[in-house]
Amino acid sequence: MSLKDKDPAVYGAIEAEVKRQENSLEMIASENYTSAEVLEATGSRLTDKYAEGYPGRRYYGGCGHVDTVENLAVERAAKLFGAEHVNVQPHSGTQANIASYLALLEPGDTVMGMDLSCGGHLTHGHPLNFSGRFFRIIPYGVRKDNQFIDYDLIRETALKEKPRMIICGASAYPRIIDFERFSEIASEAGAYLLADIAHIAGLVAAGAHPDPVNCCDIVTTTTHKTLRGPRGGMIMCRKNFASQVDRSVFPGNQGGPLMHVIAAKAVCFGEALKGEYKDYIRRVIANSRELAARLSEGGIDLVTGGTDNHLILADLRSLGLTGREAEALLQEAGIIVNKNTIPYDPEKPLVTSGIRIGTPVLTTRGMGPEEMREIAGIILSVLRDRDPQKGSGRSASLAASFPAPR
Ligand SMILES: *Cc1c(COP(=O)(O)O)cnc(C)c1O
């Protein structure tokens with residue numbers, strides 16, 4: 001309340017962003033709306049507390065209550081994912097990955113990771129990222145014929161290159177990832193296996209995607225994507241890597257943990273343990289499948305031909321549009337997506353030939369298959385006719401009928 005009077009400049013920008021979120025159809029696959037309770041914990045006084053170290057082993061006094069909070073977060077995450085050991089302190093997905101690399105590797109070691117242009121993440125070996133600068137990266141991709149992960153080629157490459165670690169997981173891959181298959185390849189090649197489930201963590205937690213926790217050495221995730229928690233990261237592993245992982249997070253690459261965010265993570269895990277959350281994830285996937293079917297029926301090519309998860313990658317070349325153009329047209333029509341490379345994309349990363357479309361946010365707003373059919377219709381008419389006016393009224397009325405949580 002007082003921010004409005006004391007700092008109207010920041011307050012005004014926040015209010016404008018809240019309105020933008022309310023009035024548009026947010027379809028960025030990595031975003032979600034947190035609950036009021038997650039938001040309350042994130043905005044709590046715990047932001048003021050320094051708590052370097054771990055529960056019971058802190059470098060500061062007065063940590064009793066934040067110890068309670070961190071223990072709750074760890075216990076709930078362990079239950080949710082069936083993990084032996086959990087570290088809830090990473091500030092982000094990127095920092096969870098940095099800590100995991102540091103736990104398992106020495107600089108210069110060979111790592112196999114999915115190419116960014118095929119759906120991987122910057123932290124899986126991009127030359128400008130820490131991962132690409134400090135490690136020898138051998139990228140792997142997807143099959144040229146069907147755009148599914150090329151497990152046979154990964155095995156062949158792993159046996160030849162003998163990586164110290166293989167990282168699997170993706171930011172823009174619409175299909176199930178076969179963690180068991182990766183695990184067989186990693187043991188045959190004598191490599192550690194790191195699974196990064198930043199995008200699909202909510203699906204894994206709800207039992208709607210195979211769980212990597214039992215077959216991978218380390219599993220990293222964000223908590224703010226499908227999991228619907230506060231912005232942050234987390235690491236799960238077996239007991240044998242517990243002390244290495246903990247030391248890599250603190251003091252390895254972070255100082256004091258964000259205790260307000262850890263409290264919000266605990267709230268989020270509590271929510272995800274409930275039956276309603278499983279139902280939410282089922283609806284996210286059903287919506288994604290419905291949208292994919294309607295777009296593809298309408299003549300839009302989809303990478304891999306469809307989806308098994310919360311996201312769709314559309315290849316716009318047959319429409320004669322780039323990803324950048326489509327993102328701008330849809331934004332003008334009230335639908336927010338991101339341009340995204342498609343596998344072996346001929347265009348540059350700031351142009352691209354595709355867009356990535358996700359259903360987690362709109363499912364949180366209560367939309368179902370009927371609304372997905374309506375949205376597919378809007379997307380098709382806007383992109384085919386290059387006319388945002390064809391969709392703006394329809395998307396505004398959909399947004400008004402399904403209010404965003406305040
Ligand atoms: C989003 C994402 C990350 C990074 O998360 P940040 O919190 O943005 O640092 C890491 N890996 C994958 C696969 C992701 O999709």
Side-chain angles (χ1 to χ4, degrees), residues 26-32 34 38 42 87-103 111-126 128-132 135 137 139-142 149 165-177 179 182 193-205 209-210 212-213 216 218-236 248-249 253-254 257-258 261-262 264-265 268 284 303 307 309-313 337-341 343 349 354 356-361:
E26 205 69 58
M27 303 197 81
I28 291 178
S30 48
E31 294 184 2
N32 216 328
T34 54
V38 165
T42 312
N87 188 309
V88 294
Q89 291 193 2
H91 302 331
S92 69
T94 294
Q95 287 199 265
N97 282 347
I98 295 176
S100 303
Y101 278 72
L102 294 178
V111 174
M112 278 178 64
M114 192 158 171
D115 201 71
L116 183 64
S117 73
C118 286
H121 188 259
L122 285 170
T123 54
H124 298 193
H126 189 278
L128 293 176
N129 184 260
F130 85 93
S131 52
F135 301 95
I137 301 293
Y140 62 81
V142 296
I149 290 175
M165 181 178 92
I166 299 174
I167 179 164
C168 58
S171 299
Y173 184 68
R175 296 297 184 172
I176 299 283
I177 295 172
F179 295 120
F182 267 111
L193 182 60
L194 170 61
D196 175 354
I197 58 169
H199 258 265
I200 55 170
L203 282 65
V204 171
H209 188 288
V213 168
C216 299
I218 296 185
V219 177
T220 59
T221 184
T222 61
T223 49
H224 51 275
K225 296 181 183 176
T226 49
L227 206 46
R228 214 163 54 175
R231 191 157 293 276
M234 174 163 82
I235 305 178
M236 295 171 274
S248 286
V249 174
N253 92 109
Q254 288 186 184
L258 312 176
V261 176
I262 290 174
K265 286 173 183 172
C268 152
V284 166
V303 169
T307 181
N309 61 21
H310 62 297
L311 68 86
I312 296 162
L313 258 186
V337 300
N338 63 282
K339 58 181 160 299
N340 210 104
T341 52
R356 190 182 64 164
I357 313 173
T359 54
V361 177

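Every number for a ligand or one of its atoms is a count from 1 in the order of the listing.
P212 is listed as a side-chain neighbour of I197, based on a closest heavy-atom distance under 4.5 Å. Here the side chains of H199 and L311 are in contact, with some heavy-atom distance below 4.5 Å. Looking only at side-chain heavy atoms (C-beta outward), H124 and N97 come within less than 4.5 Å of each other.
Residue-ligand proximity, H199 to ligand 1, at heavy-atom distances under 4.0 Å covers atoms 15 (O). Near A170, meaning under 4.0 Å from one of its heavy atoms, ligand 1 places the atoms 13 (C). For ligand 1 and S92, the ligand atoms under 4.0 Å from any heavy atom of the residue are 7 (O), 9 (O).
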* **Criterion side chain to side chain contact (heavy atoms under 4.5 Å, CB included) on L193 and F179, from CA distance to verdict** => CA-CA 9 Å; L193 182 60; F179 295 120; 5.8 Å; no

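Here T222 has side-chain heavy atoms under 4.0 Å from ligand 1, and that is the only part of it that gets that close. Proximity of S30 to ligand 1, defined as any heavy-atom pair under 4.0 Å, is not found for any part of the residue. Residue contacts with ligand 1, taken as heavy atom pairs separated by less than 4.0 Å, involve H224 solely via side-chain atoms from C-beta onward.
With distances taken over non-hydrogen atoms, the option nearest atom 15 (O) of ligand 1 out of G232, S171, G233, A96 is S171. For atom 14 (C) of ligand 1, the choice among M114, H91, K225, H124 with the nearest heavy atom turns out to be K225. One option in T223, D196, T94, T220 has a heavy atom closer to atom 9 (O) of ligand 1 than any other, and that option is T94.
For the pair V361 and I28, the tightest heavy-atom approach, listed with the atom from each and the gap, is CG2-O, 4.4 Å. Of all heavy-atom pairs between L203 and T226, the closest is CD1-CG2, 3.8 Å.
In this structure, the side chain of Q254 engages the main chain of Q89 through a donor-acceptor pair within 3.5 Å.
D196 and H121 are not linked by any side-chain donor-acceptor pair at a separation below 3.5 angstrom, with hydrogens and angles left out of the test.
Distances shorter than 4.0 angstrom do not occur between any heavy atom of G169 and any atom of ligand 1.
Residue, atom and distance of the protein heavy atom nearest to atom 6 (P) of ligand 1 are G93 N, 3.6 Å. For atom 3 (C) of ligand 1, the closest non-hydrogen atom of the protein is H121 NE2, 3.2 Å.
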